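To start, the structure under review is shown below, and the notes come after it.
Everything quoted here is computed from the prediction, not taken from an experiment. Keep in mind that the numbers below use all heavy atoms, side chains included, and drop hydrogens, waters and symmetry copies.
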Amino acid sequence: MNARQAMDWLEGLDPEAEIAVTAKFPGLDGWRVTSWAVSTGEAEGCPSLEISVEGTDFDYPAPSRALLEVLPDLLDRLLEAEDSGYL
């Protein structure tokens, strides 16, 4: 979604209404997070929305296992980003 698409969508909403954000992780058996703190920022040279997860629920074994499987790759990517100066 580019800024124009976001602006067009937001223009149709009540300015006083809250907006819900749901993150879906299809690679983690559909695990979802709906408790966020959202702020504006800048990432990789462009405006961004920064999302901090306030709470998660890993009571479901399948998403927990899936997360553990992808964790090494995620850590490698984080280290690469740090080495490249993105963090």
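- Of the inter-residue distances, the one linking Leu78 atom CG with Asp73 atom CG reads 11.5 Å to the nearest 0.5 angstrom.
- Looking at residues two or more places apart in sequence or on another chain, you find no side chain to side chain contact (heavy atoms under 4.5 Å, CB included) involving Asp83.
- For Leu10, the side chain to side chain contact (heavy atoms under 4.5 Å, CB included) test picks out Leu13, Ile19, with sequence neighbours left out.
- Cluster partners of Met7 are absent, since no Ile, Leu, Val, Met, Phe, Trp or Tyr has side-chain heavy atoms less than 4.5 Å from it.
- Among residues at least two apart or in separate chains, side-chain hydrogen bond (donor to acceptor under 3.5 Å, both in side chains) pairs with a member in residues 4-13 are Arg4-Asp8.
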